[in-house]
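Only one structure is covered here, and it is reproduced in the block below.
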Amino acid sequence: MLPEHGKPAYLLPTMSNSDVLLKQALRQLAQLEMASAEQTERLQTRLQHWRSRSEGHESAYQQATGQMQALLSLAPSLQAEFSDPTTQDLKPHAAKKRRAQAHSLLGWGVLALAAAALLKAGHWYWQQPVFEADYHTGIAEVRQITLPDGSHLALNAQSALHVSLYRQQRQVALQQGEVHFTVSPDRQRPFMVSTQQGSVEVVGTIFTVSQRQQRLAVNVEQGHVRYYPPSIASHPQTEKPMAYDLLPRDQLLSQAGVIELGKVDAADASAWRSGWLVFNNMPLADALPLINAFRLQPLTIADSHTAQLRLSGRFRAQDQQALERALPVILPLQLIPGATETQLKSR
């Protein structure tokens with residue numbers, strides 16, 4: 001039968017309302033997965049509003065999420081098959097089966113586009129950070145930082161660190177200095193602080209990590225953190241990695257491979273945030289790196305005996321002249337000024 005204009009009529013396939021909603025959901029998920037950090041919040045808000053419009057919208061969203069997850073699980077093998085010349089050696093029936101799995105998942109053209117982007121990325125996509133930044137502080141500089149996940153960092157003087165936020169974890173590499181962390185809870189994305197002397201893992205808590213001159217100090221104010229030494233040593237009975245669980249007021253010190261556990265006043269451990277340096281019976285050699293973070297001309301130690309002197313006291317971080325006057329009164333030592341440094345020597 002011909003229509004009135006004389007051309008043959010073709011019956012076009014029709015899509016049900018559920019199919020239309022599924023296609024819309026898939027399109028929004030694809031956009032969200034490939035969005036930049038700046039776009040993510042806006043797209044998430046739009047998707048949430050779309051889901052709330054009806055039960056059908058929510059059902060389509062759940063179905064689309066399942067299909068996207070299935071695609072991600074196939075991504076590595078599909079990427080290898082279609083892009084790696086060596087996959088030509090696969091048995092024909094195996095390759096046919098993989099393609100059949102892929103086509104059954106792709107379905108709509110919009111999902112095919114999303115799949116192409118995801119397959120091209122493969123595991124690489126999931127390993128890329130959604131946020132990266134380097135932070136540094138200079139002499140006598142204390143800096144406050146809020147990360148995109150809501151975590152708050154306070155950096156002490158002469159500190160340096162690199163932050164990487166991923167979809168499945170959060171990482172901070174502390175090169176040197178001291179940082180007070182208030183971590184935003186997120187059980188799906190653990191927060192890891194790595195140093196030369198080991199790593200600290202948390203979910204949501206408040207603690208301080210100090211890494212100065214091969215000496216690591218971890219002080220817990222709230223919550224629960226877990227410390228992993230840098231070596232791959234394991235308990236011989238369980239073959240599980242060594243770990244130290246720290247609770248509020250716990251302190252862990254690691255230096256030259258020796259780990260010490262003790263108690264600490266959390267307020268004293270991070271007193272530098274309010275402009276104070278607090279020392280409780282600390283060897284002078286361990287106290288000087290923190291003192292020198294606030295000095296243009298550093299203090300140095302003349303001999304091993306001076307290094308072992310124990311320092312206790314509370315000093316204003318920015319008033320280094322007052323500290324110089326106090327040291328010979330508190331400890332049996334003398335200050336010997338030089339062109340580039342001031343030496344401390346036992347009397």
Side-chain angles (χ1 to χ4, degrees), residues 137-142 156-160 174-180 195-198 208-220 227 229-231 244 246 249-347:
T137 54
I139 295 174
E141 178 188 5
V142 175
N156 199 357
Q158 290 192 326
S159 297
L174 178 60
Q175 288 94 38
Q176 68 173 19
E178 197 164 14
V179 183
H180 179 272
T195 74
Q196 296 178 355
Q197 305 299 316
T208 301
V209 178
S210 174
Q211 171 72 66
R212 295 188 187 274
Q213 295 189 356
Q214 308 305 312
R215 179 183 183 270
L216 171 72
V218 180
N219 303 296
V220 181
Y227 166 77
S231 67
Y244 295 82
L246 306 175
R249 297 191 68 251
D250 283 347
Q251 180 186 67
L252 181 142
L253 301 177
S254 177
Q255 190 169 19
V258 177
I259 295 175
E260 298 179 8
L261 299 175
K263 295 293 183 180
V264 68
D265 186 322
D268 289 348
S270 61
W272 48 267
R273 293 188 299 143
S274 55
W276 292 92
L277 303 181
V278 178
F279 304 102
N280 294 307
N281 199 35
M282 181 180 290
L284 190 58
D286 295 335
L288 281 193
L290 178 54
I291 293 173
N292 286 335
F294 292 85
R295 294 182 60 87
L296 292 173
Q297 185 170 340
L299 299 177
T300 61
I301 293 177
D303 53 70
S304 59
H305 177 70
T306 304
Q308 296 305 313
L309 294 176
R310 296 276 175 167
L311 177 61
S312 294
R314 183 181 180 89
F315 311 92
R316 290 196 176 276
Q318 300 292 344
D319 193 349
Q320 290 295 310
Q321 291 183 348
L323 187 144
E324 287 186 12
R325 293 192 298 268
L327 283 178
V329 176
I330 298 173
L331 299 174
L333 53 77
Q334 57 181 325
L335 277 65
I336 305 174
T340 59
E341 62 185 32
T342 297
Q343 194 175 66
L344 303 181
K345 185 176 182 180
S346 298
R347 290 200 297 265

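Just so you know, these numbers use all the heavy atoms, side chains as well, and skip hydrogens, waters and symmetry mates.
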* Structure fact -> Distance col, row Q176:CD vs T195:OG1, nearest 0.5 angstrom, shows 12.5 Å

* R215 versus L253, closest heavy-atom pair with distance -> NH2-CD2, 3.4 Å

* Asked: So do the side chains of R295 and I139 get within less than 4.5 Å of each other, counting heavy atoms only?
  -> no

* Inter-residue atom distance L323.CG - Q318.CD, 0.5 Å rounding -> 12.0 Å

* **Contact summary for P298 and T340, nearest pair of heavy atoms** => CD-O, 3.5 Å

* Could you please spell out the steps behind the side chain to side chain contact (heavy atoms under 4.5 Å, CB included) verdict for V179 and Q211? => CA-CA 9 Å; V179 183; Q211 171 72 66; over 6 Å; no

* **Mutual orientation of the aromatic rings belonging to Y244 and Y227 [parallel < 30°, tilted 30-60°, perpendicular > 60°]** => tilted

* Structure fact -> Distance col, row N292:CG vs T300:OG1, nearest 0.5 angstrom, shows 8.5 Å

* Structure fact -> Value for CG (L277) from CD (Q320), rounded to nearest 0.5 Å, stands at 7.0 Å

* Taking all non-hydrogen atoms of both residues, which atom of P332 and which atom of L309 are closest, and how far apart? -> CG-CD2, 4.3 Å

* Closest approach of P283 and R310, non-hydrogen atoms and distance? -> CD-NH1, 3.3 Å

* To do: Please determine, by modelled atom types, if Q214 and Q197 share a side-chain donor-acceptor pair under 3.5 angstrom.
  => yes

* How long is the gap from OG1 on T306 to CG on L288, to the nearest 0.5 Å? -> 10.0 Å

* With the threshold set at 4.0 Å, does a side-chain nitrogen-carboxylate oxygen contact exist between K263 and D250? -> yes

* Within the side chain of T137, is there an N or O that forms a donor-acceptor pair under 3.5 Å with the backbone of Q158? -> yes

* Backbone of L299 reached by a side-chain donor or acceptor of T342 within 3.5 Å -> no

* Is there a side chain to side chain contact (heavy atoms under 4.5 Å, CB included) between V220 and L252 once you walk through the steps? -> CA-CA 9 Å; V220 181; L252 181 142; over 6 Å; no

* Might you work through the side chain to side chain contact (heavy atoms under 4.5 Å, CB included) test for L311 and L284, ending with a clear yes or no? => CA-CA 6 Å; L311 177 61; L284 190 58; 4.2 Å; yes

* Considering all heavy atoms of both residues, which atom of A326 and which atom of F315 are nearest to each other, and what is their separation? -> CB-CE2, 4.0 Å

* To do: Starting at CH2 of W276, measure out to CG of D319 and round the result to the nearest 0.5 Å.
  => 9.0 Å

* Could you please spell out the steps behind the side chain to side chain contact (heavy atoms under 4.5 Å, CB included) verdict for F294 and N156? => CA-CA 9 Å; F294 292 85; N156 199 357; 3.2 Å; yes

* How far apart are the closest heavy atoms of A293 and R212, and which atoms are they? -> CB-NH1, 3.8 Å

* **Backbone of L333 reached by a side-chain donor or acceptor of R347 within 3.5 Å** => yes

* Asked: Sub-3.5 Å donor-acceptor pair from the side chain of S159 to the main-chain atoms of E178, do we have one?
  -> yes

* Asked: Got P328 and L335 here, is their nearest side-chain heavy-atom distance under 4.5 Å?
  -> yes

